[in-house]
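One structure is given here, and the rest of the page talks about it.
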Amino acid sequence: MAVVDAMLQILTQQVFTILKEQATFPLDFKNQFELMKTKLDLTKALLADTENLKEKMRVVKANLITLRGLIYEADNIMTDCLVRDEYEKEGSCTSLTFKKPLFWYQTGKKLKDVNSKLDAMERALGAHLKYQEQSDHGDNTSQVRKYTAQDHVASEIIGLEEDLEKLKGWIRDTKDKLLRVGIFGMGGLGKTTIARKLFHDQHVAARYDKMIWVSVSQVSSDRRIMTSMLEQLDSNCSVSDEAQMLHRLNELLEGKTCLIVMDDVWKINEEWWSQFFPGLVGAVGKGSCIIITTRNEDVLTSMGVGTSQFHKPKVLTDKDSWLLFSKSAFSSCPDAQFEKVGKEILEKCGGLPLAINAVAALLAKKSHSIVHWNEVNKKFHESTADAKFNRVMMSLKLSYDELPIHLKQCLLCFSAYPEDSEIQAEQLIHWWVGEGLVQGKGSKTAKELGYSYLSELVTRCLVEAVDRRRYDGRVYSCKVHDMVRELIIRIAEEESFGKFDENGRQEMTDYSLWLGFTSEMNPEILRKSSKLRTLLITSANDEVVFDRHIGSLGSLRVLDFSLTKLAKISTEKLMEWISSLKRLAYLNLSGVVGLKELPKSFRKLRNLQFLVLARCNELVKIDHITSLKKLVVLDLGSCLLYLPSGIEKLSHLQELSGFNVASDSRSPTGFKFCDLEKLVHLRVLRMSIGKDSEITENEREVLLKLKKLKVLAIDAQDCEDSNISTMLNIVLPPPSLRELYLRRYHRDTLPTWINPEKLPYLQYICIENADIIDFQTSPKSVDGSVFRWSIEGLCFKVLRNLKLDWENVEKDMPSLQYAECSDCLNLQNFPRPKDNLPIWRRSVD
């Protein structure tokens with residue numbers, strides 16, 4: 001129940017923030033919050049007793065589920081307090097619901113009740129657990145021996161021949177004294193099998209004087225690694241001091257070519273590695289090699305493996321999967337019935353050798369019973385079919401167990417999506433932040449951290465990136481492998497986040513917290529959903545109908561309708577219902593038809609932080625959002641002509657998309673370019689400037705005042721008026737800018753500020769559909785100082801007049817690592833790789 005621990009940490013921080021910032025709360029309220037914080041700290045101290053917690057999990061599990069319910073109850077109380085505080089700041093606390101005496105009485109009573117329950121919970125847990133001094137126990141690892149990928153050794157290599165030949169080529173052709181090679185990927189992918197095959201290959205072995213295999217695993221220490229190596233080199237070695245062990249290792253390997261395999265590395269002590277590896281390099285003979293297998297790509301980076309020596313095995317093809325399966329499952333050629341069912345089962349294995357072998361071993365005992373095969377096919381997702389069937393999931397479970405607690409709760413969110421769903425990363429991250437699973441830390445916003453968390457899940461091979469930004473790898477969309485989803489939904493059920501039927505489809509219960517609503521579901525199920533915190537429409541079906549049944553979702557934080565147009569529901573009734581969800585933090589209405597304006601009742605959503613209205617093409621009026629002072633992200637796409645006055649009051653806004661710069665004549669009372677300077681926390685700005693826009697010389701420093709701005713996107717709307725150049729020359733962004741996008745710009749020269757002096761930290765530039773004839777890549781000299789571009793990624797598309805020599809680009813921009821250039825007819829010397837894709841990557845020497 002690590003998710004409970006994560007939630008405790010978040011809630012404790014929220015209570016601390018309330019105590020520090022909410023001076024208007026009554027004294028009795030503050031006392032109750034002080035008491036709550038004390039109880040939460042004590043409970044965290046009990047949960048830090050990991051040894052007893054694992055041993056007595058069955059006993060305390062019910063307590064932990066109850067504790068989670070209390071945490072959510074406390075979160076609701078705090079949200080209500082903060083919402084009420086927003087009303088009072090504005091002086092609009094007139095609703096009967098928020099009249100002071102009644103509100104304080106009812107909420108005080110709830111606080112005392114929660115604290116009383118927390119006190120009882122602390123006593124119940126204290127009967128089984130002991131208070132610990134440290135509350136953060138996420139890094140502790142179990143010493144209990146668990147099933148790992150290396151416990152399964154395939155009798156034959158099938159489908160991995162290309163992997164072996166590629167790695168043999170690296171070993172054969174290396175000019176390094178000590179080559180570092182990394183093999184990474186999810187458990188069961190065949191990493192250890194490949195490394196073992198290399199290790200025992202006679203041609204590979206012939207190259208080396210010494211061969212060392214170290215099974216590292218997640219519980220190994222530096223001492224154990226060195227002990228294992230020494231035992232293989234000198235069975236009589238009795239050195240015990242670590243410094244002496246290191247010295248003895250270097251002595252034994254002095255001048256000798258060696259192959260060292262460090263298998264199943266979960267993490268590395270970087271301080272130890274920084275001492276161990278240089279000594280190894282100094283000792284071994286030229287042409288030596290160290291191969292590292294891991295589930296975590298970051299481990300390879302921390303151990304200094306160059307990305308050009310990263311290898312991620314691919315899943316097996318259908319043909320190879322069937323060949324591997326058949327060799328284990330059948331003693332003779334199968335008949336058509338068994339082949340049909342077997343191939344259906346294989347689809348679920350997703351080409352993972354470990355999964356294929358485990359299922360094949362399960363079925364081999366019943367190779368003459370088609371009834372049994374059909375039963376396994378039907379109940380494949382359940383691990384109870386046979387004791388050994390657990391092995392399919394164990395490598396994945398081990399990866400899950402190793403996750404930090406904040407990543408565990410994020411991964412469990414994938415259980416709300418149907419099997420094989422392609423998930424938009426932004427939707428997922430808005431959910432995480434909206435529900436409080438991810439919070440900003442230091443200089444990083446919650447959304448930026450969310451992208452980091454998703455990237456880490458991808459690196460750990462538990463989530464697959466479907467589409468990502470090429471220059472830096474930011475994930476745009478993702479999915480989870482069917483078997484990973486099986487693991488996730490099993491854990492989600494165990495921890496009472498939701499319930500799933502025999503086909504892995506979500507079922508609504510009175511304790512469900514998250515729901516991915518599909519077109520197969522009946523809205524009636526939402527009647528028993530008072531605890532539901534997230535509701536996502538997860539199938540693109542316009543037949544989805546919501547009516548009065550959705551009126552009881554008082555705990556809802558996340559509501560996403562982006563995959564349906566809601567064509568069969570009255571938008572007036574829809575908005576009336578949404579306006580009643582006072583705790584809502586994330587709302588996505590993208591593409592909803594018939595939505596023309598946000599009603600006055602929308603002002604009630606004082607807890608709203610993310611509002612996405614892209615593709616609402618009929619929308620003309622959003623005046624009432626100016627009361628939503630907690631908004632962090634406002635995404636209007638291109639659906640609104642002009643923004644209303646008052647947007648500048650949204651002082652917490654970090655991201656604004658869909659700002660169409662207006663002129664006084666077109667929008668005399670609307671939001672103007674000069675008003676942007678009040679949005680001092682803005683990190684992302686996407687705006688359009690066209691023939692009806694107006695930016696004056698007096699507004700030259702507006703964007704300069706946005707010191708935190710990192711991303712600026714400008715759409716010039718195909719405007720050919722010469723005034724567009726004048727306006728864009730005024731739009732001078734701050735030096736902090738990291739990414740710049742310019743589209744539909746039909747002038748022959750770029751704005752004067754697009755140069756390395758004005759944008760010293762720019763990492764990425766994208767120019768599309770423009771008439772520019774030049775892009776200055778050479779350093780810029782100003783008053784004796786020389787400024788060079790720091791750009792790492794570049795994208796030029798449909799720049800048919802641009803005259804540029806790519807050889808100069810490579811020479812003048814040494815930081816450039818990635819470029820994409822297409823339909824640039826006058827671009828000279830741009831290399832075309834064999835696949836003919838318009839992509840360039842700097843070669844690694």
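In what follows, residues are counted from 1 in the order of the sequence shown. Fair warning: this is a prediction, and the values are worked out from it, not measured in the lab.
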Next item on the list: Write down the atom of Cys821, the atom of Pro838, and the distance for their closest heavy-atom approach.
Entry: O-CB, 2.8 Å
Margin query: Within the supplied structure, the quantity of interest is the number of heavy atoms (other residues, nucleotides, ligands) at a distance under 6.0 Å from Phe310 CZ; does it exceed 12?
Written below: yes
Check: Are the side chains of Cys478 and Leu454 in touch, meaning some heavy atoms are under 4.5 Å apart?
Finding: yes
Next item on the list: State whether Glu162 and Lys166 are salt-bridged, where the test is any N-O pair (Lys NZ or Arg NE/NH1/NH2 against Asp/Glu carboxylate O) under 4.0 Å.
Entry: no
Notebook entry, point to check: Mind checking whether Leu323 and Lys327 have side chains closer than 4.5 Å, heavy atoms only?
Noted result: yes
Next item on the list: Measure across Trp273 and Ser302 and return the closest heavy-atom pair with its distance rounded to 0.1 Å.
Entry: CD1-O, 4.1 Å
Margin query: Working to the nearest 0.5 angstrom, can you tell me the gap between Met229 CE and Lys210 NZ?
Written below: 12.0 Å
Checklist line | Qualifying residue, where the test is side-chain contact (heavy atoms from CB on, under 4.5 Å) with Ser228 and the options are Val214, Val216, Ile212, Leu233 | finding: Val214
Item checked: Trace of the side chain to side chain donor-acceptor pair (under 3.5 Å) decision for Asp263 with Thr293 -> CA-CA 5 Å; Asp263 184 46; Thr293 74; 2.5 Å; yes
Note to self: Closer than 3.5 angstrom, by distance alone: can the side chain of Gln244 be matched with the main-chain N or O of Glu242 as a donor-acceptor pair?
What the structure shows: no
Notebook entry, point to check: Do Lys710 and Glu448 meet the salt-bridge criterion of a basic N to acidic O distance under 4.0 Å?
Noted result: yes
Margin query: When you measure from the side chain of Arg842 to the backbone of Leu816, do you find a donor-acceptor pair of N or O atoms at a distance under 3.5 Å?
Written below: yes
Notebook entry, point to check: At their closest point, which heavy atom of Phe199 faces which heavy atom of Leu259, and how far apart are they?
Noted result: CD1-CD2, 4.0 Å
Note to self: Between Lys479 and Val466 (side chain of the first, backbone of the second, donor and acceptor by atom type, cut-off under 3.5 Å), is there such a pair?
What the structure shows: no
Margin query: For the CZ atom of Phe414 and the CG atom of Leu428, what is their distance to the nearest 0.5 Å?
Written below: 4.5 Å
Notebook entry, point to check: Is His311 close to Asp163 at the side-chain level, that is, under 4.5 Å between some pair of heavy atoms?
Noted result: yes
Margin query: Within this structure, what is the CZ-NZ distance for the pair Arg295 and Lys267, rounded to the nearest 0.5 Å?
Written below: 14.0 Å
Checklist line | Leu160 and Leu316, any side-chain heavy atoms less than 4.5 Å apart | finding: yes
Next item on the list: Would you please test His203 and Lys168 for side chain to side chain donor-acceptor pair (under 3.5 Å) and show each step?
Entry: CA-CA 9 Å; His203 299 293; Lys168 283 181 185 178; over 6 Å; no
Check: Does NZ or CZ of Lys408 come closer than 6.0 Å to the centre of the six-membered ring of Tyr400, within 45° of the ring's axis?
Finding: yes
Note to self: Run Glu792 and Asp472 through side-chain contact (heavy atoms from CB on, under 4.5 Å) and show every step you take.
What the structure shows: CA-CA 9 Å; Glu792 298 175 9; Asp472 65 351; over 6 Å; no
Check: Is Thr257 close to Arg207 at the side-chain level, that is, under 4.5 Å between some pair of heavy atoms?
Finding: no
Note to self: Return the CD1 to SG distance between Ile429 and Cys410, rounded to the nearest 0.5 Å.
What the structure shows: 9.0 Å
Margin query: Within a 6.0 Å radius of atom NZ on Lys256, are there more than 12 heavy atoms belonging to other residues, nucleotides or ligands?
Written below: yes
Note to self: If you apply the rule ring pair (Phe, Tyr, Trp, His ring centres under 6.0 Å), what do you find for Tyr764 with Tyr818, and how did you get there?
What the structure shows: CA-CA 9 Å; Tyr764 183 74; Tyr818 169 87; 7.7 Å; no
Next item on the list: Might you confirm whether atom NE2 of His200 has over 12 heavy atoms from other residues, nucleotides or ligands at distances under 6.0 Å?
Entry: yes
Notebook entry, point to check: Do you know the tightest heavy-atom contact between Trp789 and Ser815?
Noted result: O-OG, 4.2 Å
Margin query: Are more than 12 heavy atoms, taken from residues, nucleotides or ligands other than Arg738, located less than 6.0 Å from that residue's CZ atom?
Written below: yes
Check: Is Lys191 reaching over with its side chain to a backbone N or O of Lys312, donor-acceptor style, under 3.5 angstrom?
Finding: no
Item checked: Note, Leu352 side chain near His481 side chain (heavy atom, < 4.5 Å) -> yes
Margin query: I want to check something: taking the side chain as every heavy atom from C-beta on, are Met211 and Gln232 in contact at a cut-off of under 4.5 Å?
Written below: no
Next item on the list: Run the numbers on Tyr417 and Arg485 for side-chain contact (heavy atoms from CB on, under 4.5 Å), then give the verdict.
Entry: CA-CA 9 Å; Tyr417 293 95; Arg485 184 174 182 273; 5.7 Å; no
Margin query: If I take atom CG from residue Leu249 and atom CG from residue Leu230, how far apart are they, to the nearest 0.5 angstrom?
Written below: 4.0 Å
Margin query: Can you tell me how far apart OG1 (Thr301) and CG (Asn296) are? Round to the nearest 0.5 Å.
Written below: 8.5 Å
Next item on the list: Show your reasoning for whether side chain to side chain donor-acceptor pair (under 3.5 Å) applies to Asn808 and Thr777.
Entry: CA-CA 7 Å; Asn808 291 334; Thr777 62; over 6 Å; no
Checklist line | Ser421 side chain vs Ile423 backbone, donor-acceptor pair below 3.5 Å | finding: no
Notebook entry, point to check: Do Phe775 and Leu799 have side-chain heavy atoms sitting under 4.5 Å apart?
Noted result: no
Margin query: Does atom NZ (Lys343) have a neighbourhood of more than 12 heavy atoms from anything else shown, all under 6.0 Å?
Written below: yes
Next item on the list: Tell me, yes or no, whether the heavy-atom count around Asp318 atom CG, taken from other residues, nucleotides or ligands under 6.0 Å, exceeds 12.
Entry: no
Notebook entry, point to check: What are the two closest non-hydrogen atoms of Ile171 and Cys289, and how far apart are they?
Noted result: CG1-SG, 4.1 Å
Next item on the list: May I have the step-by-step check of side-chain contact (heavy atoms from CB on, under 4.5 Å) for Glu251 and Arg248, ending in yes or no?
Entry: CA-CA 5 Å; Glu251 277 185 345; Arg248 182 58 179 156; 3.0 Å; yes
Next item on the list: Considering non-hydrogen atoms only, spot the tightest contact between Val299 and Val265 and give its length.
Entry: CG1-CG1, 3.7 Å
Notebook entry, point to check: If you measure from the Lys or Arg side-chain nitrogens to the Asp or Glu carboxylate oxygens, is any gap between Arg469 and Glu739 under 4.0 Å?
Noted result: yes
Note to self: Run the side-chain contact (heavy atoms from CB on, under 4.5 Å) test on Ile183 and Leu167 for me, step by step, so that the C-alpha distance in whole Å, both residues' side-chain angles and the decisive distance to 0.1 Å come before the verdict.
What the structure shows: CA-CA 9 Å; Ile183 307 174; Leu167 293 168; 3.8 Å; yes
